[in-house]
*Asks:* 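Can you read through this structure? Questions will come right after.
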Amino acid sequence: MPPNLRVAARYRAATRATEIRREGIPVVVIGAGPYGLATAAWLNASGVRLRIFGEPMQGWDTHMPEGMFLKSVPAASSISAPEPGYGFADFRAAQGREPVGDLYPIPVDEFIDYGRWFQERRVPEVERSMVRHVQAVDGGFSITLDSGEEFLAAAVVVSTGLAPFAHEPPELRGLAATGRTSHTCEHRNLTGFAGQQVAVLGAGQSALESAALLHEAGASPTVVARAPSVLFGDPPQADLPSARPRSTRLHKPGSPLGPGWSLLAVSRGAAAYRHLPTPVRFRLLHTVLGPSGAWWLRERVAGRFPVLCGRTVRSAEPEDGAVLLELTDPGGGSERLRADHLLMATGYRVDVDRLELLEPTLRQAVRTVGGAPRLSAGFESSVPGLYFTGLAAAPSFGPFLRFVCGTDFAARQLAASVAARNR
Ligand SMILES: Cc1cc2nc3c(=O)[nH]c(=O)nc-3n(C[C@H](O)[C@H](O)[C@H](O)COP(=O)(O)OP(=O)(O)OC[C@H]3O[C@@H](n4cnc5c(N)ncnc54)[C@H](O)[C@@H]3O)c2cc1C
């Protein structure tokens, strides 16, 4: 397009965007998990007209196993709201339950109840529809719901969580058709594996806890980990951080992500993280909180079932209704492992291209780095008015954004940016 026409088109789009804002057309938040709910609470407080869509806490209710406990401590498991009274501790107090500290692993069902309690009080306007389609139109976005309703949005906040980014190693994709492989996010209930041999791939909390739950459900798991050993956290020395010896607090200061200076730095420095060189950001994202199990998981794993460390999967093939894995170790040795099922606890990788609810040309218009959207300090992508939060924002703002404790930083910044745009 010639430069003068491009300028005219940009001018028309900007004028239309201003008209859209003046007409009181809503900002749309997609997803009602911790990040969507916190964003909506903060947008409400900023006086922004919004519509939020999704089934509250559905990500936790359908993509996490029954019987799971949170790895994050109660003090780091609150969804952010602009006013006090909506934290996890407030929820427990409202239920007549006693206060709890770092030694209390939160059962997943309790956390889901907390999220719904938060939603009912702080974001009652959640509409229980799924957004099917988002398309850029002159100065705004056209939204289509699964009910068929179509309307215009001034801005869109994508807070659709982890599930769209579930990562399956490419070398295992060939097995998908056998129905003998799955990602951990596909299971709410692992008891159906009772009596089966299950190879669990991974060394993080999800792998170790899934293997423990499988074992306790009567299955025979074998963990296969690339790492030379599996790691577990240390139990806190006291229930409250303030009760720990001063030397411990100096050596390993407390942070929402756990004790340690590096964890404190990424928790406090989320805003600065964006300015680090790209290779450093990506390295820190994967190394600062490397794979490990919670302290309370150790006794449910150690000695209970085989954990094969330092192994990579060289090949995987179907064999007589089972899966045959060929594993190699760093010394070049190899061994075979036969399993009825292969469970991939292989994490999540942000890739805008996998967000099918964004129409293809809109996805292509989002500037990305390593598949993740490049975001401004206010969580806005290169497409004006299109925002991303939660895991999709972690490559920009660091590992803090992978956890519920990041909702405070994210929702404040994002709401301020949207409100400024809407003025
Ligand atoms: C096994 C496991 C254990 C974890 N443990 C912890 C922990 O202990 N502590 C912690 O802080 N974090 C933990 N996490 C990370 C945690 O899941 C995230 O921090 C948190 O859920 C992110 O919130 P979210 O709102 O971004 O995403 P989600 O909670 O995934 O919510 C996204 C929501 O968007 C909805 N949605 C998706 N598409 C659409 C659509 N088209 N229309 C409408 N709605 C849509 C989904 O249904 C979902 O409800 C864990 C993750 C996993 C996988």
Side-chain angles (χ1 to χ4, degrees), residues 28-40 51-80 88 105-108 110-112 114-116 118-119 123 126-134 143-147 156-167 183-188 190 202 204-210 213 233 256-258 267 289 293-294 296-297 345-348 350 354-358 379 388-394 399-408 410-411 414:
V28 160
V29 177
I30 309 176
Y35 276 84
L37 293 173
T39 305
R51 290 181 74 178
I52 167 167
F53 297 96
E55 191 56 48
M57 299 301 284
Q58 190 189 38
W60 289 76
D61 204 13
T62 54
H63 299 301
M64 309 223 185
E66 270 171 19
M68 178 191 122
F69 289 88
L70 269 68
K71 193 177 175 192
S72 60
V73 296
S77 301
S78 289
I79 303 171
S80 175
F88 180 73
I106 305 173
V108 68
E110 184 177 355
F111 187 71
I112 294 169
Y114 161 57
R116 292 187 177 143
F118 180 100
Q119 178 268 317
V123 197
V126 172
E127 297 177 52
R128 283 154 162 90
S129 293
M130 297 295 275
V131 174
R132 190 194 298 158
H133 200 222
V134 179
I143 309 289
T144 309
L145 303 182
D146 59 3
S147 62
V156 170
V157 181
V158 179
S159 49
T160 48
L162 287 71
F165 301 131
H167 172 67
H183 190 276
T184 43
C185 79
E186 293 171 51
H187 301 282
R188 174 67 177 142
L190 293 168
Q205 171 75 4
S206 183
L208 300 173
E209 193 171 19
S210 297
L213 288 167
L257 296 179
S267 309
L289 266 174
W296 43 261
L297 198 51
T346 39
Y348 299 83
V350 180
R354 294 181 70 187
L355 292 175
E356 287 175 7
L357 86 162
L358 303 180
F379 288 67
F388 291 85
T389 189
L391 183 69
F400 198 41
L401 275 283
R402 285 168 40 200
F403 299 92
V404 174
C405 54
T407 55
D408 192 56
L414 200 157

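Because only heavy atoms are used, hydrogens play no part in the values below, and waters and symmetry mates are left out as well, while side chains stay in. Each residue takes its place number in the sequence, starting with 1. Start at 1 and go down the list; that is how both ligands and their atoms are numbered.
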*Asks:* Kindly indicate whether the side chain of Phe118, heavy atoms from C-beta on, has any atom under 4.5 Å from the side chain of Pro34.
*Replies:* no
*Asks:* Suppose I only count heavy atoms of Leu70 and a 4.0 Å limit; which atoms of ligand 1 are within that range?
*Replies:* 7 (C), 8 (O)
*Asks:* Tell me, do Leu401 and Phe379 make a side-chain contact under 4.5 Å, heavy atoms counted?
*Replies:* yes
*Asks:* Does a side-chain heavy-atom distance below 4.5 Å link Pro74 with Ile106?
*Replies:* yes
*Asks:* Are any non-hydrogen side-chain atoms of Val157 and Val28 less than 4.5 angstrom apart?
*Replies:* no
*Asks:* So, do Ser77 and Phe111 sit near enough that their side-chain heavy atoms are less than 4.5 Å apart?
*Replies:* yes
*Asks:* Find out whether Leu37 and Val126 are in side-chain contact, i.e. whether some heavy atom of one side chain is under 4.5 Å from a heavy atom of the other.
*Replies:* yes
*Asks:* Report yes or no: does Gln58 contribute a side-chain atom to a donor-acceptor pair with the main-chain N or O of Ala32 at less than 3.5 Å?
*Replies:* no
*Asks:* Within ligand 1, which atoms have a heavy atom of Gly54 less than 4.0 Å away?
*Replies:* 43 (C), 44 (N)
*Asks:* For atom 6 (C) of ligand 1, which of Tyr348, Trp60, Phe111 has the closest heavy atom?
*Replies:* Trp60
*Asks:* Could you list the atoms of ligand 1 found under 4.0 angstrom from a heavy atom of Gly161?
*Replies:* 26 (O), 27 (O), 28 (P), 30 (O), 32 (C)
*Asks:* As an exercise, identify every atom of ligand 1 less than 4.0 angstrom from a heavy atom of Leu357.
*Replies:* 41 (N)
*Asks:* Would you say Lys71 has any N or O atom under 3.5 Å from an N or O of ligand 1, going by distance alone?
*Replies:* yes
*Asks:* Which residue supplies the protein heavy atom nearest to atom 45 (C) of ligand 1, what is that atom called, and how far is it?
*Replies:* Met130 CE, 3.7 Å
*Asks:* What closest approach, in Å, do Ile79 and Gly115 show between heavy atoms, and which atom pair accounts for it?
*Replies:* CD1-CA, 4.0 Å
*Asks:* Going by the order shown, which atoms of ligand 1 are within less than 4.0 Å of some heavy atom of Glu55?
*Replies:* 49 (O)
*Asks:* What atoms in ligand 1 come closer than 4.0 Å to a heavy atom of Ile30?
*Replies:* 40 (C), 42 (N), 43 (C)
*Asks:* Which atoms of ligand 1 sit under 4.0 Å from any heavy atom of Ser159?
*Replies:* 32 (C), 33 (C), 34 (O)
*Asks:* Report yes if Gly59 has an N/O atom closer than 3.5 Å to an N/O atom of ligand 1; otherwise report no.
*Replies:* yes
*Asks:* If the cut-off is 4.0 Å to any non-hydrogen atom of Tyr35, which atoms of ligand 1 fall inside it?
*Replies:* 22 (C), 23 (O), 24 (P), 25 (O), 26 (O)
